[in-house]
Amino acid sequence: MKPAISRRDMHESVAFHMGDMGFESVSTRAGWTDDLFHVDGRRVVGLGTITRSPVDEQHLTGIHQTFYLGKTNDRWVHFSYGGYTSEARSFANRMGIALFEFDGDGRIVALSRLARSFYRRKPTERWKVRAVQEVARFAALSLIMGVVLTFPVVGWTLLALAALLVAGKVYSRVAGTSAPSDRAQRA
């Protein structure tokens with residue numbers, strides 16, 4: 001059996017995973033019971049179950065009737081920490097619910113063909129996007145360092161601005177805590 005996981009850990013992982021799949025504006029929030037949470041996004045809606053025991057067909061049927069049927073224009077997803085029974089998987093395939101499960105290492109795994117079809121980028125392409133982002137960050141940092149080294153006055157100016165910013169923050173905290181308030185002086 002898997003170790004216990006917090007709702008917050010699942011929320012963050014699910015929101016990141018949905019964004020990584022290409023869905024936009026995905027957020028998670030608490031569900032109507034302690035072991036459920038909602039997944040809301042542009043063109044996608046779903047629930048997640050935070051139990052270590054597998055989700056059964058009865059549980060998915062109840063969710064389908066009370067939640068998914070009212071969201072016919074969105075793609076339906078369900079996340080589970082404890083997995084699914086074979087009957088629940090069959091039901092989800094018939095109804096068009098994409099199933100995802102947390103594996104033992106905390107990664108999210110697509111369990112159905114429908115769930116795998118939601119990936120807009122192949123997993124092998126994601127590293128390319130991240131690599132391009134890292135190269136852009138490195139180039140920007142190199143450009144800044146080049147300007148600072150070429151024009152020392154720019155570096156000294158940035159250092160002076162940073163020092164003024166820090167001094168201002170320190171002064172506002174010290175002055176704010178040691179000065180009596182107007183109400184105390186009036187009393």
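Listed by chain and residue number, Val148, Val154 satisfy the side chain to side chain contact (heavy atoms under 4.5 Å, CB included) test with Leu158 (two or more places apart in sequence, or in another chain). For Ala88, the side chain to side chain contact (heavy atoms under 4.5 Å, CB included) partners are Leu60, Tyr84, Thr85, not counting sequence neighbours. Residues passing the side chain to side chain contact (heavy atoms under 4.5 Å, CB included) test with Val135, sequence neighbours excluded: none. Arg113 meets the side chain to side chain contact (heavy atoms under 4.5 Å, CB included) test with Arg116; sequence neighbours excluded. The side chain to side chain donor-acceptor pair (under 3.5 Å) test applied to Gln133 returns no partner, not counting sequence neighbours.
Among pairs with a residue in residues 148-163, none fulfils side-chain hydrogen bond (donor to acceptor under 3.5 Å, both in side chains), at least two apart in sequence or across chains. Legend: salt bridge (Lys or Arg N to Asp or Glu O under 4.0 Å) pairs involving residues 135-156, not counting sequence neighbours, sorted by first then second residue: Glu134-Arg137. The list of salt bridge (Lys or Arg N to Asp or Glu O under 4.0 Å) pairs with a residue in residues 54-63, not counting sequence neighbours, reads Glu57-Arg94.
Within the 4.5 Å cutoff, the side chain of Ser80 has no heavy atoms near those of the Leu99 side chain.
The local environment of CE in Met95 is crowded, with over 12 non-hydrogen atoms from other residues, nucleotides or ligands closer than 6.0 Å.
The minimum heavy-atom distance between Trp76 and His64, with the atom names listed, is CZ3-NE2, 3.6 Å. Taking all atoms of both residues into account, the shortest heavy-atom contact from Ala98 to Ser112 is CA-OG, 4.0 Å.
Separation of atoms CZ (Phe79) and CG (Leu111) is listed at 10.5 Å; rounding is to 0.5 Å.
Val174 and Val166 fall within a single hydrophobic cluster, where Ile, Leu, Val, Met, Phe, Trp and Tyr are joined by side-chain heavy atoms under 4.5 Å apart, directly or via other members.
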